[in-house]
Amino acid sequence: MGSLMQKKYIVRLSTEEREQLEEVIKKLSGNSQKVRRAQVLLKADVEGAGWTDRQIAEAYGCTRKTVENIRQRLVEQGFEAALNGQKRTTPRKKLLDGEQEAQVIALRLSPPPPGYASWSLRLLARKVVELEIVGSISHETLRQTLKKTG
């Protein structure tokens, strides 16, 4: 191992934690985030596999920063937080209220500007800002709004 940089966050799992991680990997399928976190923790365990962050990242198709973040979460927040990830504390505030959504839908159903065959999401986003329905909005937010409202 020679001159490897000393890691700030060391993973040391108990036997019970290792068994729980192995069970998660067996029961859950494929590439879910929880499975990947379980795999990373098992390989980062200094009492177990003791892989380097680079080896773990290459094996599971993630970045070394992701591996480091999982190790850090284990040390700072505990086993459950490292395995299950962080929960959103507050839901995101809606960007458009009901009245603004209605204006967007009405605009979308109106004829497109001269020179355009139909409303693209980006064209619609520019027009929504131009009409001061909202100060700024992305085409993706409009796509989600229109999809939600049918």
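No experiment lies behind these values; they were computed from the predicted model shown.
- Atom CZ of Arg122 is surrounded by 12 or fewer heavy atoms from other residues, nucleotides or ligands within 6.0 Å.
- Taking both residues in full, the closest heavy atoms of Val24 and Ala38 are given as CG1-CB, 4.1 Å, listed atom of the first, atom of the second, then distance.
- Closest heavy-atom contact between Arg73 and Ala81: CD-O, 3.2 Å.
- By the 6.0 Å contact criterion, CD on Glu76 is enclosed, its count of non-hydrogen atoms from other residues, nucleotides or ligands being greater than 12.
- In the hydrophobic cluster analysis, where Ile, Leu, Val, Met, Phe, Trp and Tyr join through side-chain heavy atoms closer than 4.5 angstrom, Leu95 is grouped apart from Leu121.
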Evaluation steps, side chain to side chain donor-acceptor pair (under 3.5 Å), between Glu99 and Gln103:
CA-CA 6 Å; Glu99 184 180 325; Gln103 290 175 308; 4.6 Å; no
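- Leu13 approaches Leu41 most closely through the heavy-atom pair CD1-O, 3.6 Å.
- Thr145 contributes atom OG1, which lies 13.0 Å from atom CZ of Arg108 (distance to the nearest 0.5 angstrom).
- Put simply, the side chain of Trp119 gets close to the backbone of Ser110: a donor and an acceptor are under 3.5 Å apart.
- Listed for the Arg37 side chain is no donor-acceptor partner under 3.5 Å among the backbone atoms of Ile70.
- In this structure, Asp45 CG and Glu17 CD are separated by 8.5 Å, a value rounded to the nearest 0.5 Å.
- Minimum interatomic distance between Val134 and Leu96 (heavy atoms only, all atoms of both residues): CG1-CD2, 3.4 Å.
- Between the side chains of Glu140 and Gln144, at least one donor N or O lies within less than 3.5 Å of an accepting N or O.
- Side-chain N or O atoms of Arg64 include none that pairs as donor or acceptor with a backbone N or O of Ala57 at under 3.5 Å.
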Run the side-chain contact (heavy atoms from CB on, under 4.5 Å) check on Glu80 and Gln20 step by step: do they pass?
CA-CA 11 Å; Glu80 290 300 319; Gln20 187 177 343; 3.6 Å; yes
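- Judged by distance alone, the side chain of Glu47 and the main-chain N or O of Arg12 form no donor-acceptor pair under 3.5 Å.
- A continuous path of hydrophobic side-chain contacts links Leu146 to Leu123 [ILVMFWY only; heavy atoms under 4.5 Å].
- Nearest heavy atom pair, residue Ala125 against residue Ser138, reads CB-C, 4.3 Å.
- For the pair Arg18 and Leu42, the tightest heavy-atom approach, listed with the atom from each and the gap, is CG-CD2, 3.8 Å.
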